[in-house]
Amino acid sequence: MAQPSDELLDPATMLDRRFRAAISSVLGIVPEACDPQVRPSGDPRHGDFQSNAAMSLAKSHGMKPRELAERIARTVDLAGIALAPEVAGPGFINIRLDAGALASMLEGMDDARLGIVPQRRIHAVTIDLCGVNVAKQMHVGHLRATIIGDCLARVHERLGRKVHRENHLGDWGLPIAMTLAALRRRGADLDRLTLPDLNVAYRAAQAAGADDPGGLAAARATGCGPHRIAELEAQHEGARAAVEEAKSTLLRLQAGDAELLRDWRKIVDCTMREVFETAVILNVRLGPEHSRGESFYRDRLGIVVEDFLESGLATEDAGAIVVRFADRERPLLIRKSDGGFLYATTDLAAVRFRVQELDSDRVVYVVDARQRDHFKDVFDACRLIGWDRTSDGERSELVHLGFGAVLGADKRPLKTRSGENVTLASLLAEAVARGEEEVRARAADPDAATHGLSDPELHAIGRAVGIAAVKYADLSLEVSRDYVFDLDRMVSFQGDTGPYIQYAHARIRSILVKAGLEVPVDRPALPDAPIAVAAPSERDLALALLAYAGVVEDVARTLEPSRLCAFLHRLANAFNAFYHDCPVLKADEPTRSSRLRLSDLTRRVLADGLALLGIESPARM
RNA sequence: GCGCGCGUAGCUCAAUCGGAUAGAGCAUCGGUCUUCGAAGCCGAGGGUUGGGGGUUCAAGUCCCUCCGCGCGCGCCA
């Protein structure tokens, strides 16, 4: 029985249902067991969609593929959706959608939802993103952890899911204690501390604590002079002293020393000020309410180890506590021989908290791909002990979305000329400057839509363009891959770039304004005009638009933002071709209104999709 | 040594559970603005999908093997 909302569905879903029913009927099996393999056609000559199920199902049912395809094609009910299907080749079933059906499906999606159906799920989703370290400036790695995580959070939210954005700060432990001890020792004014100062102090403290027994041994073995050995011994002693001081600072901090905690808070706040400023520049939704660092879990670590010991999953090994796995040599250390906890312990506590207390049936870690082994171990440990179950027993999906490195032109991790890590702040400043440069150059043209705009307006557009360039370039690639950071390519307004999509949006908006329409951000500009789909490029545009909801669902399912970018690029291309072929403002009614409405729908899908990527859609550029 | 990831056009990248002739962008070359924003559109050239073997109606995709690159591997995070 057809649902009342049936007509709101996209063509792929409708065809899936109809073919599922037909295959079920032909083969005498339940619909759930039939995958109709409905796919968009690669070649327009084969129609709009195809079902490939007959070829793979034929053998197991003792039929010839072609014969099965014929029977499915005769049986399937495509009334109101498509023309009669045609069988081709070894058993492809080709489908051409009906123009009237396309029009009514478009009218059906032309509201604030844009065809997206909210997922009714009782559990939440947790996205671990950003992952900054206190006392350290953000670098390019944080760019990816932040924007990919923000995009996935937005996509899940768009689908009606409750999302917890968790910024798992590195705000606890020896390195922080070391930095704190060093700053206090030299009497630094923590109220006037800047992040670069703090960063220098952090690195100095790290260097002071750097023990180099290997170097010492090597120096002895290779017969270095006594001066060199004495120097290394002194460094060794100095490092031990620094580490001892840091350890005692950490102990006092852990014991709740009020003065230390106050100072600790100051360096945390100093770090986070930059994080939140960066979030604003990046157009990422990340605030203090999303910060829950390692310190949050500090009182939950002991019980983690105890529970693993009690369950028999953890054993002692050379004084340390480890969890072993049946299928690999590598154990997971959860307590050091000196009784201290490790980051794995914190991560175990965090998974447990996120699944059980944040009630998440999905926990996504947007973290550097190099930590793949670590997360595999942590997640497996959680599954062994049952911490991947929500309180009502639902199994939670634990997934590490490991992203690749950002490389420089030399294919090596991005560095400045002097060999320093590139800070995120400097990288974004350059991107904004480049975006602004492009926008101002074009605004100089007296015919440009941006000509005569005020300085702050041009700056705002330039910023949106520069940030879009960087984010789109990142999000449009497969997450796990490394990529070369090339600002020239990214800010280009041609090709598969953020600015190109933004341009398509601004251009459409300008057409609607020229038609004298009000152009609301997220509502139809002309909700009542009948849509007609006639010209080939109109059809292409219609098919692209109708794919939107499915793409958003795919992105949530696969955690691949690049699919959304590919969709937006296809849609912008389809619109540009349509715009070239089909006059809008100069067409006669009712074609004019139909095309205006198609344009308006395109405009809102582009803006909605860009918003899911965390990219702004300027009205003019 | 063990484990993981990646090799696709000159460059940067796509390719849905294995589907029809492997697609885009950049670059190159050629068309296209006195007509809605040419940041656009239309077209051309460019490929042994790292090599070899296998599975099948069908392989860039799955399996085996070799080569190359990157990353990770017990008391840091």
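In what follows, chains are A, B, ... by sequence order, proteins preceding strands, each numbered from 1.
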Quiz item: A/Gln371 side-chain donor-acceptor pair to B/A77 base, under 3.5 Å: no
A/Tyr503 OH to A/Arg620 CZ distance, which is reported to the nearest 0.5 Å: 14.5 Å
Residue A/Tyr483, side-chain heavy atoms: nucleotide from B/C36, B/C13, B/G5 that is nearest: B/C13
In whole Å, what is the span from the NE2 atom of A/His580 to the C1' atom of B/C36? 12 Å
A/Phe375 has an atom CZ; how far is it from atom C1' of B/G72, in whole Å? 14 Å
For atom P, what is the distance between B/G45 and B/U12, given to the nearest Å? 23 Å
Please check this pair: side chain of A/Asp171 against backbone of A/Ser295, looking for a donor-acceptor N/O pair closer than 3.5 Å. yes
Report yes if at least one side-chain N or O of A/Arg481 is closer than 4.0 Å to OP1 or OP2 of B/A14; otherwise report no. yes
With a non-hydrogen cut-off below 4.0 angstrom, is A/Asp43 in contact with a base, only sugar-phosphate, or nothing? nothing
Counting just side-chain N and O atoms, does A/Lys376 come under 4.0 Å of either OP1 or OP2 of B/C73? no
For B/C76 and A/Lys336 - does any side-chain N or O of the residue sit under 4.0 Å from the phosphate oxygens OP1/OP2? yes
So A/Pro331, base contact, sugar-phosphate only, or nothing? Heavy-atom distance under 4.0 Å. base
Paired with B/U49 by Watson-Crick or G-U wobble geometry, both distances under 3.5 Å: which nucleotide is it? none
Just checking, is any N or O donor in the side chain of A/Asp347 or A/Tyr297 under 3.5 Å from an acceptor N or O on the other one? no
Within the structure shown, what part of the strands sits under 4.0 Å from A/Arg324 by heavy-atom distance: base, sugar-phosphate, or nothing? base
Whole angstrom is fine here: how far is it from CZ in A/Phe19 over to C1' in B/G19? 15 Å
Identify which nucleotide among B/G74, B/G37, B/C75 has an atom closest to any side-chain atom of A/Asp317, counting heavy atoms from C-beta outward. B/G74
Quick one: A/Arg298 CZ to B/A77 C1', roughly how many Å, whole number? 18 Å
Step-by-step side chain to side chain donor-acceptor pair (under 3.5 Å) determination, A/Gln502 to A/Ser617: CA-CA 6 Å; A/Gln502 288 178 314; A/Ser617 303; over 6 Å; no
Side-chain N or O of A/Lys59 less than 4.0 angstrom from OP1 or OP2 on B/C57? yes
Relative to A/Phe567, does A/Arg570 satisfy both conditions: NZ or CZ under 6.0 angstrom from the six-membered ring centre, and within 45 degrees of the ring's axis? no
As its Watson-Crick or G-U partner within any shown strand, both distances under 3.5 Å, B/G3 has B/C71
So A/Ser56, base contact, sugar-phosphate only, or nothing? Heavy-atom distance under 4.0 Å. base
Can you tell me, in whole Å, how much space there is between the C1' of B/G47 and that of B/U8? 8 Å
Here the distance between atom P of B/A77 and atom CH2 of A/Trp172, to the nearest Å, is 14 Å
To the nearest 0.5 Å, what is the distance between CH2 (A/Trp264) and CG (A/Leu250)? 11.5 Å
dist A/Arg372:CZ -> A/Asp377:CG (nearest 0.5 Å) comes out at 13.0 Å
By nearest atom, which of the nucleotides B/G19, B/U16, B/G40 is closest to the A/Pro40 side chain? B/U16
Contact class for A/Ser337 (heavy atom, under 4.0 Å): base, sugar-phosphate, or nothing? base
Closest heavy-atom pair, A/Ser41 versus A/Gln50, reported as atoms and distance to 0.1 Å, is OG-NE2, 3.6 Å
Taking only the side-chain heavy atoms of A/Tyr343 (C-beta and beyond), determine which of B/G37, B/A77, B/C75 contains the nearest atom. B/A77
Hey, is the side chain of A/Asn573 poking within less than 4.0 Å of OP1 or OP2 on B/C41, counting only N and O atoms? yes
Side chain of A/Leu333, heavy atoms from C-beta onward: which of B/C13, B/G74, B/G40 has the nearest atom to it? B/G74
Base, sugar-phosphate or nothing for A/Gln50? Non-hydrogen atoms, less than 4.0 Å. base
Given the structure, check if the side chain of A/Asn94 and the base of B/A20 hold any donor-acceptor pair shorter than 3.5 Å. yes
I want to confirm an ordering. Mapping A/Ala53 and A/Leu342 to their closest nucleotides on RNA chain B, which one lands closer to the 5' end? A/Ala53
Pick the closest RNA chain B nucleotide for A/Ser476 and for A/Ala449 by heavy atoms, then say which residue is nearer the 5' end. A/Ser476
Does a side-chain N or O of A/Arg442 approach OP1 or OP2 of B/G37 to a distance below 4.0 Å, or not? no
Near-ring test A/Phe575/A/Phe578, centroid separation under 6.0 angstrom: yes
When only distance counts, do a donor and an acceptor, one from the side chain of A/Arg45 and one from the base of B/U21, lie under 3.5 Å apart? yes
How many whole angstroms separate atom CZ of A/Arg509 from atom C1' of B/C36? 16 Å
Measure CZ/A/Phe49 against P/B/G19 and give the value in whole Å, please. 16 Å
Quantified in whole Å, what is the P atom distance between nucleotide B/A77 and nucleotide B/G3? 28 Å
Under 3.5 Å for both donor-acceptor distances, Watson-Crick or wobble: does B/G40 have a partner, and if so which one? B/U32
Using atom C1' of each nucleotide, how far apart are B/G37 and B/C29 to the nearest Å? 27 Å
Quick one: is A/Arg507 getting a side-chain N or O under 4.0 Å of the B/A38 phosphate, OP1 or OP2? yes
Nearest whole Å is fine: how far is B/G25 P from A/Asp486 CG? 18 Å
Have a look at A/Arg39 and say if it touches a base, only the backbone sugar-phosphate, or nothing, with a 4.0 Å heavy-atom cut-off. base
Between B/A20, B/G5, B/C36, which one does the side chain of A/Arg372 approach most closely? B/G5
Report yes if a side-chain nitrogen or oxygen of A/Tyr579 is closer than 4.0 Å to either non-bridging phosphate oxygen (OP1 or OP2) of B/G37; otherwise report no. yes
Do the side-chain N or O atoms of A/Lys514 get closer than 4.0 angstrom to the phosphate oxygens (OP1, OP2) of B/G37? yes
Suppose we define a pair by two distances each less than 3.5 Å, Watson-Crick or G-U wobble; what does B/A20 pair with here? none
Any chance you could lay out the side chain to side chain donor-acceptor pair (under 3.5 Å) test for A/Arg45 and A/Asn94, step after step, and finish with the verdict? CA-CA 9 Å; A/Arg45 285 174 304 181; A/Asn94 293 333; over 6 Å; no
Which of B/U12, B/C41, B/A77 is nearest the side chain of A/Arg489? It is B/U12
Given the P atoms of B/A27 and B/C41, what is the spacing between them in whole Å? 13 Å
Is B/C6 syn or is it anti, if syn means the base angle is within 90 degrees of 0? anti
Is A/Ser510 side chain donor-acceptor paired with the B/G37 base, going by distance under 3.5 Å alone? yes
Same-atom distance (P) from B/G43 to B/G60, integer angstrom: 26 Å
Nearest-neighbour nucleotide for the A/Asp373 side chain, B/G72, B/G37, B/A20 considered: B/G72
A/Pro90 side chain: which of B/U16, B/G19, B/C71 is closest? B/G19
